[in-house]
Every structure is written in C-alpha cells, then in structure tokens.
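Here the structure comes first, spelled out in structure tokens, and everything after it is commentary.
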Amino acid sequence: MKSSRVLRLIAAREIKARMRNRAFLIANAVTMALIVGLILLLPLLISDDPLLLGLVDSEEVVPAIETVSRALDVEVDLQRFNSIETAEAAIEADEVAGVLVDGVEFVVLEEPSPDLAFIVTAASAEIRFADRMEEAGVDEDQAALIGRPDQPISVRSLMAPEQPDEEGFFGGQAAASAGVVLLFMAINLYGNTVLTGVIEEKTSRVVEVVLATVRPWQMMAGKLLGLGLLGLAQLGLLIGLGLIAATASDLVEVTGEALLASGWVVVWFILGFSLYSTVYAVGGAMASRAEEAQSAAIPIALIVLAGYFAAFIVVLPEPESTLSTVLSVLPPFAPFAMPAIIALGKAAVWQIVLSVGLTVISTVLIVRVAGRVYAGAILQSGERVKLRQALRASRDVTGN
Amino acid sequence: MLRLDNLAKQYGQVTALDGVSFDVERGNLLGFLGPNGAGKTTAMRSIFGLVALDSGQVLFDGHQVGPEDRLAFGYMPEQRGLYTSMKVGEQLTYFGTLHGLSRANATKSTEVLLEEMDLADRIDSKVEQLSHGNQQRVQLAAALVHDPSVLVLDEPFSGLDPIGVTSMENILRERAGRGSAVMFSSHQLDLVEGLCDEVVIINKGKLALHGSMDELRQRSDRRRLEVALGDAATDWTPGVAGVEVVKRSSNRVFLSVPVDVDLSAVLASASSAGSVGAFTFEPPTLSQMFRQAVGIEDSDAIEAVDGMGGRAVGHQ
C-alpha cells in the first residue's frame, strides 16, 4: 500500500477523533470566542464617543465650547436643563458627565474627566475675558486684538512622528504581537495534542496493533499531518474571524499588507509546527504513563517559550538589531522571530530565505533522528525511556 | 506458507532467540509453546517487523516478508490494545483500511464479523464501554477484519472465561479451515492438545520440539502408565529400570515409563504389592512432552508449569 494512502488514513482518524472529542471542541470554541470578542470590544475600550455636557443658564458659553471642542477635535453633545435639580438628577443617572451652571459652576458626580474639565474651563475663561473687556470699555475688535494671538502657534518636530495606524493595524506592533501570540498558542496547543495522543497510543498498547501493518515513521507522520492540518484549519479560521471582526468593528481597514502578514503567520505555523511537533511526538513516545505527559512536555515547552519571549523582548522592540536578525534565522527561535519581523515590515528578502531554509533543513534532520527514536521508544513498555536507550532500541526495530 | 528461518535475537545479555526455524502451513493450526521468557513473543513480533533480528529471516511463500505481505497478516499482540474512545465499528473499519481494504469492503467485513461474533448491537459503542470479555473479542476482530492469510495470536486464551475459550477455539479452527496459516502461543497445554494440528515448543530461544500431535506422540520415548492399586498405592515402588513415579493418589500410581518398557515386569511388581484394579498404558500427554522438552522432571516444577496457564506475564 502506498505511503500516501497510509498517511491519509491515519491523518483522517486523528482529525475525526479530535472532532468527536467534546473537551477539544469546547476549548477551541472558547478560544475563538475570546479572540473575536476581544477584537469586537477593543473599539469600545478606546472609543471616541461624544462627551455629554449639560447646561443650565449657560447659553452664552455655547459658541466658545464649540470653538474649543473643535480645536481639540473632540465631539461634545450639549443638553439643556431648566433647573439645577433636573440637571443634577441627570448627572446621577449618568445621562451627562457634568453640568455647567451660569457659565461659572461645573457640577460633576465625583471627578471631572480631564477632557471635559479643560473644554469647560477654556470656554468659560474666554467668555469671562470678553465680559471683562466690555466692562473695561474695550470694544469687540480691540478685545479680539488683545485676547487672541494674530498668529497661530507653529509646530516644529525634532523627530518625524510615527505613522500610527495609517497603514493599517496589521502593519504595526499590534499585528506583529498578535501574530506571535497566535503562533505560540497554535504550536503549543497542537504540540501538546501530539504529545498526549502519542502517550495515549503507547499506554493503551494499540501501537503494537497499528505497527503490525504500518511503519513507525508512517504512524508518526500521519499523526503529525492530521493534527497539523487541524491546527492549520483552526489558525485560518481564527485569522479569518479576526479580520472579519476587525473590519466589522471599524477598528482597521483590512489591507493587502494585512492579508500578506496573515499569510506569513500561516506559513510560519506550518514551518514551526513541523519543527516542534516531531520533538513533541518523541517526547510522548519516551513517556511511559499518562501522568508523565507534563514532565515530558516541559523541556520542549521551555524551548518554545524561549522563542516566544525572545520575540517579545528582543525582536518586537528592535526588529532591526543584530540580535533580532540572528534570532530570526536560528531555527528554534525563527518560527516566532521571523514572522514578527515580517509583520513589522523590516524583513530583508535574504533574511526570509535564510530563515525558512535553515528551519526546513533542521526539520528534516530532526525528523530523521525523531523517526528512529520514536520507533525505538514507542514499543518499550515499563519505565520511562531515556534518549540513549531509545536510540539503542531503535536498532531493535526494523522500521519496515 | 510462513517460514521462520533460523531466527536469532540477543537483548544485551539475554538471548531471546537462538536459531529457531519452523514452518506454518496454510490451513494448519500451530500451537507455539514454551516457558515464560522462552522467546515466543520475540519470534511472533519478528513476523511483523517489530523486532530487528540479529540473523535469520521470516519468509512467506519463499520470499522475505515485507510491508506488502503484512497487509494480509493478522496479529493479536499479547498486550491487548485498542483506541478506547473510538467506536467498535469505526475502529474495525479503520484497521481494515490500514490492511489495504477499501472503505466499503472494510465496512462490510466489519458488519459481517460483528454479526458472527454476536457483537452486532455494539457496533456504535465505544470500546471503553464494553465488558472485558467483549473488548477481547473486538481485539480478535481487529486481527480478523481483513480476512488474513496468516494469523498470529499471542496468548489468545489468556483471561477468557470457558465460553470465551470455546468461541475462540471455534474461530481459530474455522479460520484454519478456510485456509489461513494460524499460529498462537499458549500456556494452556490441554487446550492446545485438543485444538492444534501441529506444535512447536521452544526453550531458552531454541527449538525444543516440533511436529504434528500424532507424530510427537509416536516419536516420544516415554509413555504414561496408570496403575490402580488400592491401599498399596501409597508405598509401591516398581523397581524396574527407567520407570519413574510421577504422582501418587490414595489408590493410584502415575508412572512415566520408556516406550520399550517391560510391561509384564511392571505388572508383576504391582501384583505382588497389591491387587491391580486397572493398568493403563497410554501415549504421553502434551503436558508431559512439554516437561520433558524443557527439562522439568520433579513434581514441584510440574505444578509450577501447570500453574502458568492463563496468567499474563511479561515477555521480552
């Protein structure tokens, strides 16, 4: 029978088994809901809703408030009240954030919000300035001459301002961070699924039945293929939902660059999962009991974590530093460092080529060793298998 | 025909197999015997490429067995294993397709097999929901679903109740009758004696005895002699060369004698000790041949061997 058919059968079983597993489905549904919810909630947290200001006998201040709020680029909704009592009731009912009384008194519930306090103070000051000028017998034109500078302040920047959000959410730090977090979650989650799956097969001893007709490398590769595809589908779904939610919430415009950066996250999931999952499979094959899953996962999780933190601590703040460049091509770190640099738009073509190349080469090397260790360890029962034992035992298994 | 040809395997200091050779013919039912640690499991695993032999090879119809041949082999390992949270029907279909059946054929074969095994109503149950006995039957079904031409079972009778034993015997007989080459290991010698056409006994990695049951009985240089002797049974000694007392009961003496023993001398000795109620001369049982082949003579060891039946103890 062709290997491709064997791999397809094993992969299909893996996928079906997970799709039937309620715990797996619930965990994934919760993750998806969290991420979509977060994206939908984000605009509310950084909202630019109009400020709600109440007025009692302060009609003369209205033009000044409008001038100041326009200058600050803040929208202010005004509400008129007939009496202080009704206005205060509105404050307590949270219908307005504060009420200006007679143009001089500003009533709030506890503390005034800085924006609103500034607008009210500035507007009120301008009115009082105009009043005093009139009292002093200065006419309107003269007052304007005294009260307002004839030239607006000119602004000179020492540094070019950063281009915030103009090129879209996915061009910036946020996108790069989101990409790294997603990759970490996906690789970690599916790596652990591989590990526990292998331990299950080993401890339930079904492995010997399967290996009577399937070669060890096929068994391992089929499992990784199935779970990898499942991970890919989930990642694609997450990114798709993320992009849709982001568009729907008007958070950002989904640009071509956003799609390209998403595409790179998917590519790096494939590379990163291929690199790490074989190690997870070997970790599972060397464990002897389900309780050892944790301790088997720790050394691998530490390497994955190191890559994850390196991306956050070193690469994201300074994507163009020498250390970042080194991390981006070094296989254990590349799956997190490289997509971050790509998302930040700071990746050179040679860097991407080298990074992908080195990751692929080391994956091939690891798969070769891993195949042998897996074959040697998976049939050993009894206590936990040590790496050297597994390599030695691999010579006791024909592998065909 | 499956041929195990001069198999040798060393695990560190332990010799698991040391030049074992024998054939399993199509349509034959071969019992594979030996004390714990004799190398039975290693030999059976080597048929499926689960053991890299130091030397020797496993041949099928004259060529070395490879992955393509194994598609048509069925294996029930000593340590049973199934996907516990998978449904019975799906699981059997899966193993069928892994052995090269199309999905449709695997599904059909699963249904037929479960019907035969009286498990049709459990097709959609998860394996973990079945009783121990039913799990064993599903395990057997997993080895049979692709209608294998070679069937290898490691301790198929261990842990079965008497009904399970009978049903297992019937299935093995039926498979051999359909032309499969069937071999299985067991410690239940009485059962093997009644079931098998052919027996192989190995000891310490070496072939100790091999032949058809009839052939072995004929070939054996020992016979069983049972003498009913009333009260005299407790202290009668035959006093004939080569005659050994195996066991005594309150009124009977069980002897192991050379095939060319002078029976009249034994009978005369017995008659002089008491009144002989019965005098039965028989070919040896498999159990006796086994003891002789693996070199156990004293009665303590006999009990030890008899006690092994049905207990699953680890092999390498």
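Note on naming: letters A, B, ... go to the chains in the order of the sequence lines (proteins, then strands), and numbering restarts at 1 for each one.
For Phe95(B), the part lying under 4.5 angstrom from a heavy atom of chain A is the side chain only. With a 4.5 angstrom heavy-atom cutoff, Ala212(A) touches chain B via backbone and side-chain atoms both.
Taking the side chain as every heavy atom from C-beta outward, Arg45(B) and Glu208(A) approach each other to under 4.5 Å. For the pair Pro77(B)/Arg205(A), no side-chain contact is recorded, criterion being any heavy-atom separation below 4.5 Å from C-beta on.
Here the CE-CZ distance, from Met1(A) to Arg70(B), works out to 13.0 Å after rounding to the nearest 0.5 Å. Taking OG from Ser204(A) and CD from Gln79(B), the interatomic distance works out to 11.0 Å, rounded to the nearest 0.5 Å. Rounded to the nearest 0.5 angstrom, Phe48(B) CZ and Leu211(A) CG are separated by 12.0 Å.
For Glu174(B), the CD atom is densely surrounded, since the number of other residues' heavy atoms within 6.0 Å is greater than 12. Counting heavy-atom neighbours within 6.0 Å of Gln294(A) CD, excluding the residue itself, gives a total of 12 or less. Open room surrounds CZ on Arg103(B); 12 or fewer heavy atoms of other groups in view lie less than 6.0 Å from it. Residue Arg18(A) qualifies as enclosed at atom CZ: its count of foreign heavy atoms under 6.0 Å is above 12. Within a 6.0 Å radius of CZ in Arg368(A), other residues, nucleotides and ligands contribute 12 heavy atoms or fewer.
For the pair Thr213(A) (side chain) and Leu98(B) (backbone), a donor-acceptor distance under 3.5 Å is present.
A salt bridge does not link Glu90(B) to Arg13(A): none of the charged nitrogens lies less than 4.0 Å from a carboxylate oxygen.
Listed options Val210(A), Val207(A), Val209(A), Val206(A) were ranked by heavy-atom pairs under 4.5 angstrom with chain B; first place goes to Val206(A). Considering only heavy-atom pairs separated by less than 4.5 Å from chain A, the leading option among Ile47(B), Leu71(B), Thr97(B), Asp69(B) is Thr97(B).
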Taking it one step at a time, do Glu200(A) and Tyr83(B) satisfy side-chain hydrogen bond (donor to acceptor under 3.5 Å, both in side chains)?
CA-CA 9 Å; Glu200(A) 254 174 51; Tyr83(B) 288 105; over 6 Å; no

